Amino acid sequence: MNRRNFIVSSVMGAGAISMFPSSALASTNGISLSRIGKGFDRLLHAVEYVSASHLTGSVANAHQRLMTTLQNEGYTYNAARVIKFNSSCYAVPLHKKPILGFASNELALIVKHNGVSKFYILNEKLATEFAGLIENFSQNSASHELNLDAASFVFPTRVVQQTQGRETLFVYQNKLNNTITLKQQRKTASVVVS
């Protein structure tokens with residue numbers, strides 16, 4: 001094969017791949033919370049796995065909208081079940097492996113507040129910071145021999161703000177009325193508790 005034919009066939013192949021819908025490659029085999037961050041291992045006793053068919057009301061509607069978005073964007077997830085963090089927050093671990101680029105582990109949250117449920121997708125850096133918050137809170141509590149409820153501190157009960165762009169923010173309140181900000185600027189991410 002000469003150089004010209006190689007270049008033409010390579011361009012044609014790349015064009016065909018880019019036109020192929022990534023949702024056709026999406027699988028509904030989910031990933032575990034542990035793949036997002038080891039902090040979730042500390043709270044596996046505090047979460048509950050719930051069948052998606054048992055969700056009701058606004059949570060079921062938000063879950064359906066989330067599934068449509070995830071399928072359109074080519075995520076791998078478990079469509080049959082969700083993880084119940086508390087009565088206000090449900091989670092779906094996500095994995096995205098684009099045709100071109102790097103794979104990522106992300107986290108979708110469905111948060112119910114005042115009867116309205118909305119979904120939020122935390123990118124890999126924010127999901128990792130979220131898992132790190134669990135790990136750090138649990139380690140500090142154990143090292144000081146305190147019997148603090150990490151689930152009440154870490155899991156959202158109300159989302160205050162979410163922005164994406166140059167600075168990505170996910171601001172929420174927990175059961176103890178603390179405001180927790182997950183923040184990403186370029187390559188760095190951080191957590192602020194107030």
Side-chain angles (χ1 to χ4, degrees), residues 23 26 28 30-33 36-37 39-40 43-96 104-134 137 149-185 189-194:
S23 62
T28 55
I31 65 166
S32 68
L33 279 174
I36 294 172
F40 286 109
L43 293 180
L44 287 180
H45 68 281
V47 301
E48 177 184 349
Y49 291 88
V50 178
S51 171
S53 61
H54 289 94
L55 297 175
T56 58
S58 68
V59 175
N61 292 335
H63 182 262
Q64 190 60 41
R65 291 191 311 273
L66 173 64
M67 294 300 109
T68 302
T69 300
L70 296 178
Q71 187 174 17
N72 291 340
E73 294 185 13
Y75 282 96
T76 301
Y77 56 92
N78 188 336
R81 71 177 188 179
V82 297
I83 300 164
K84 184 177 180 181
F85 285 159
N86 58 35
S87 61
S88 303
C89 185
Y90 299 81
V92 178
L94 308 173
H95 182 72
K96 190 169 190 178
S104 63
N105 295 321
E106 301 178 16
L107 185 67
L109 297 175
I110 299 172
V111 181
K112 180 180 175 185
H113 180 69
N114 290 337
V116 178
S117 296
K118 294 182 180 179
F119 70 85
Y120 307 90
I121 298 175
L122 302 182
N123 65 29
E124 185 169 41
K125 287 198 180 293
L126 293 184
T128 301
E129 284 299 314
F130 189 61
L133 176 63
I134 298 168
F137 185 87
D149 183 13
S152 293
F153 180 77
V154 175
F155 295 145
T157 57
R158 180 173 89 89
V159 174
V160 176
Q161 177 186 8
Q162 182 187 31
T163 60
Q164 294 182 340
R166 183 172 246 166
E167 180 180 74
T168 302
L169 291 174
F170 183 71
V171 183
Y172 68 91
Q173 286 187 325
N174 62 15
K175 196 174 189 177
L176 307 171
N177 289 326
N178 298 105
T179 300
I180 299 174
T181 304
L182 303 174
K183 182 178 183 179
Q184 177 193 352
Q185 290 179 312
S190 61
V191 177
V192 178
V193 179
S194 55

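None of these values were measured; they are calculated from a predicted model.
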Visitor: Do F119 and V92 come close enough that some side-chain heavy atom pair is under 4.5 Å?
Guide: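 Not touching, per the 4.5 Å side-chain cut-off.
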Visitor: Please lay out, stage by stage, how T181 and V160 fare under the test side-chain contact (heavy atoms from CB on, under 4.5 Å).
Guide: CA-CA 9 Å; T181 304; V160 176; over 6 Å; no
Visitor: Is the closest side-chain heavy-atom distance between Y77 and L66 below 4.5 Å?
Guide: no
Visitor: For L126 and N123, work out which heavy atoms get closest and say how close.
Guide: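 Where L126 meets N123 most closely, the heavy atoms are N-OD1, 2.9 Å.
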Visitor: Evaluate the side-chain proximity of I134 to F155: yes if any heavy-atom separation is below 4.5 Å, no if none is.
Guide: yes
Visitor: If you measure from OG on S88 to CG on N114, what distance do you get to the nearest 0.5 Å?
Guide: 9.5 Å
Visitor: In Å and rounded to the nearest 0.5 Å, what is the NZ to SG distance from K175 to C89?
Guide: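 Result: 12.5 Å between the selected atoms.
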Visitor: Say whether, by atom type as modelled, one donor and one acceptor occur between the side chain of T179 and the main chain of S194 under 3.5 angstrom.
Guide: no
Visitor: Just verifying a value: how many Å separate E48 CD and K84 NZ, rounded to the nearest 0.5 Å?
Guide: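 Result: 5.5 Å between the selected atoms.
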Visitor: If every non-hydrogen atom of Q161 is compared with every non-hydrogen atom of T163, which pair is closest and at what distance?
Guide: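 For Q161 and T163, the tightest heavy-atom pair comes out as NE2-CG2, 3.4 Å.
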Visitor: What residues form a side chain to side chain contact (heavy atoms under 4.5 Å, CB included) with T56, not counting sequence neighbours?
Guide: none
Visitor: Should the ring pair F85 and F130 be called parallel, tilted or perpendicular, given that the plane angle runs from 0 to 90° and is split at 30 and 60?
Guide: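 If you compare the ring of F85 with that of F130, the planes turn out tilted.
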Visitor: Do any side-chain atoms of residues 165-172 form donor-acceptor pairs under 3.5 angstrom with protein atoms, and if so which ones, sequence neighbours left out?
Guide:
residue : atom : partner : partner atom : Å
E167    : OE2  : Q185    : NE2          : 2.8
Y172    : OH   : V154    : O            : 2.6

Visitor: Once you round to the nearest 0.5 Å, how far does CG of N78 lie from CG of L70?
Guide: 11.5 Å
Visitor: Who passes side chain to side chain contact (heavy atoms under 4.5 Å, CB included) against V116, sequence neighbours left out?
Guide: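 Applying side chain to side chain contact (heavy atoms under 4.5 Å, CB included) to V116 gives K118.
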Visitor: Which residues pass the side chain to side chain donor-acceptor pair (under 3.5 Å) test with S190, not counting sequence neighbours?
Guide: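 Result, side chain to side chain donor-acceptor pair (under 3.5 Å) vs S190: none returned.
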Visitor: Return the CD to CD1 distance between E106 and I36, rounded to the nearest 0.5 Å.
Guide: 9.0 Å
Visitor: Evaluate the criterion side-chain contact (heavy atoms from CB on, under 4.5 Å) for residue pair N61 and S117; output intermediate values, then yes/no.
Guide: CA-CA 8 Å; N61 292 335; S117 296; over 6 Å; no
Visitor: Taking T157 for the side chain and Q173 for the main chain, is one N or O donor matched with an acceptor at less than 3.5 Å?
Guide: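 Side chain of T157 to backbone of Q173, a donor-acceptor pair under 3.5 Å: yes, one is there.
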Visitor: For H95, check side chain to side chain contact (heavy atoms under 4.5 Å, CB included) against everything at least two apart and list the hits.
Guide: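 H95 satisfies side chain to side chain contact (heavy atoms under 4.5 Å, CB included) with I31, R35, T76, K97, A103, N105 once adjacent residues are dropped.
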Visitor: Can you name the one residue among V47, I83, L33 that meets side-chain contact (heavy atoms from CB on, under 4.5 Å) with F40?
Guide: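 With F40 as partner, V47, I83, L33 yield a single side-chain contact (heavy atoms from CB on, under 4.5 Å), made by L33.
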Visitor: Rounded to the nearest 0.5 Å, what separates atom NZ in K112 from atom CG in N86?
Guide: 11.5 Å
Visitor: Run the side chain to side chain contact (heavy atoms under 4.5 Å, CB included) test against S51 and tell me which residues pass, sequence neighbours left out.
Guide: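 Testing S51 for side chain to side chain contact (heavy atoms under 4.5 Å, CB included), a comparison that skips the adjacent residues, returns S53, H54.
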Visitor: Within the structure provided, determine whether H113 and V159 are in side-chain contact (heavy-atom separation under 4.5 Å).
Guide: no
Visitor: Check whether any side-chain heavy atom of L94 sits under 4.5 Å from a side-chain heavy atom of K96, and report yes or no.
Guide: no
Visitor: For H63 versus A79, what's the shortest heavy-atom pair and its separation?
Guide: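 In this case the closest contact between H63 and A79 is CE1-O, 3.7 Å.
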